[in-house]
Protein chains: 2
Amino acid sequence: MIQKNEIERCNCTVIHQDVVDNVRARMPSDENLYDLADLFKVFGDTTRIQILSGLVESEMCVCDIAVLLNMTQSAISHQLKVLKDARLVKGRKEGKIVYYSLDDHHVNNIFKEGFTHINEDKHN
Amino acid sequence: MIQKNEIERCNCTVIHQDVVDNVRARMPSDENLYDLADLFKVFGDTTRIQILSGLVESEMCVCDIAVLLNMTQSAISHQLKVLKDARLVKGRKEGKIVYYSLDDHHVNNIFKEGFTHINEDKHN
DNA sequence: ACAACACATGAACATTCATTCATATGAGTT
DNA sequence: AACTCATATGAATGAATGTTCATGTGTTGT
């Protein structure tokens, strides 16, 4: 009889069961990690990073952003929706024009940490 | 005659040229933003987030991680390569076994910022 | 030398997702 | 009311990417 624990997924024997148990107990919940990955997924696209990076400097309307990045208004609008759903940007309507700005003061901090890591890489 | 600036990409007239110019001057270089997006792309996957989150607690070998996450050794190995290429984890070989650990003390900070944002969302 | 094991890796497949295209909405203008 | 302009959005297309499967590499033990 084989152990019934991971019959299908893992093809290797457990080496350090105690470590695994300990880590599992200390890790954040799956749901939290899921949400975290979803958040970083939003940051993990060049267009969206550029948009966020631009909005750090000033609020802008959709057309401004499209011109800034030399991209279609439609493409920008789609990405703004993603950023809005992730609560990273917000829109302020003024007549026909919608002015977008950062909805989160953490964006800067997250950027900063990211840049720190990248720059540290350059030492090698 | 039409303006020659953005003939193809953007279908809307520039609204705030001054703002756009100003923002463009202050924004980080495209290359830096590219690298930043690439970094966050690595964080933007559930499996990799789980791996990193586990390695925050303790170094582990590939099989340990596979058991921890109930996934194939192959899948874990592939993702470890991605994490290694991004200089987020490093491997220490001891006989047949390779022990992986975090290669970057910023990982914790980035996690923290991410969680802060997620938790702040819950207020709505 | 041979077998067993931990890990790495290339190709194939499936899914996710960013952009494009066409069109809709909604506000201002005449 | 008709028209223009800024923005939003649904469907389709194409590219990027995560997992699986099969196999390769390197180390340990007999």
What's the [atom1]-[atom2] distance between [X] and [N], to the nearest Å?
X        : N       : atom1 : atom2 : answer
Asn70(B) : dT20(D) : CG    : P     : 10 Å
Glu59(A) : dA6(D)  : CD    : P     : 17 Å
Ile49(B) : dG18(D) : CD1   : C1'   : 15 Å
Asp64(A) : dT7(D)  : CG    : P     : 8 Å
Ile76(B) : dT19(D) : CD1   : P     : 8 Å
Met60(A) : dA6(D)  : CE    : C1'   : 16 Å
Asp45(A) : dC17(C) : CG    : P     : 11 Å
Tyr34(A) : dG18(D) : OH    : P     : 13 Å

Counting only heavy atoms not in Arg24(B) (residues, nucleotides, ligands), do more than 12 fall under 6.0 Å from its CZ?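 Count over threshold, so yes.
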Would you indicate whether Arg92(B), at its atom CZ, is surrounded by more than 12 heavy atoms from other residues, nucleotides or ligands within a distance under 6.0 Å?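 It does: Arg92(B) CZ has more than 12 such atoms within range.
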Checking ring pair (Phe, Tyr, Trp, His ring centres under 6.0 Å) for the pair His106(B)/Phe115(A): CA distance, chi angles, key distance, verdict? CA-CA 10 Å; His106(B) 303 304; Phe115(A) 275 128; over 10 Å; no
What parts of residues 77-84 of chain A reach DNA chain D, counting only heavy atoms under 4.0 Å away?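 Here the set is Ser77(A), His78(A), Lys81(A).
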Please list, by residue number, the residues of residues 92-103 of chain B whose heavy atoms come closer than 4.0 Å to an atom of DNA chain D; answer none if no residue qualifies.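 Those residues are Gly95(B), Lys96(B).
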Taking only residues two or more places apart in sequence or in another chain, which ones pass ring-ring contact (aromatic ring centres under 6.0 Å, His included) with Phe111(A)?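 Here no residue qualifies.
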Would you please indicate if the ring centroids of Phe40(A) and His117(B) are separated by under 6.0 Å?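 Not close enough - the centres of the two rings lie 6.0 Å or further apart.
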Non-hydrogen atoms of [X] and [Y] that approach each other most closely:
X         : Y        : value
Ser58(A)  : Val23(B) : CB-CG2, 3.8 Å
Asp104(A) : Arg87(A) : CB-O, 4.1 Å
Arg48(A)  : Val42(A) : NE-O, 2.7 Å

Got a donor-acceptor pair under 3.5 Å from the side chain of Gln73(B) to the base of dA6(C)?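 No pair found.
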For Asp21(B) and Gln17(B), which I'm curious about, is there any donor-acceptor pair between the side chains at under 3.5 Å?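 Judged by distance alone, the side chains do pair up.
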Which of these nucleotides, dT7(D), dT20(C), dG18(D), is closest to any side-chain atom of Ser74(A)?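 Within the option list, the nearest is dT20(C).
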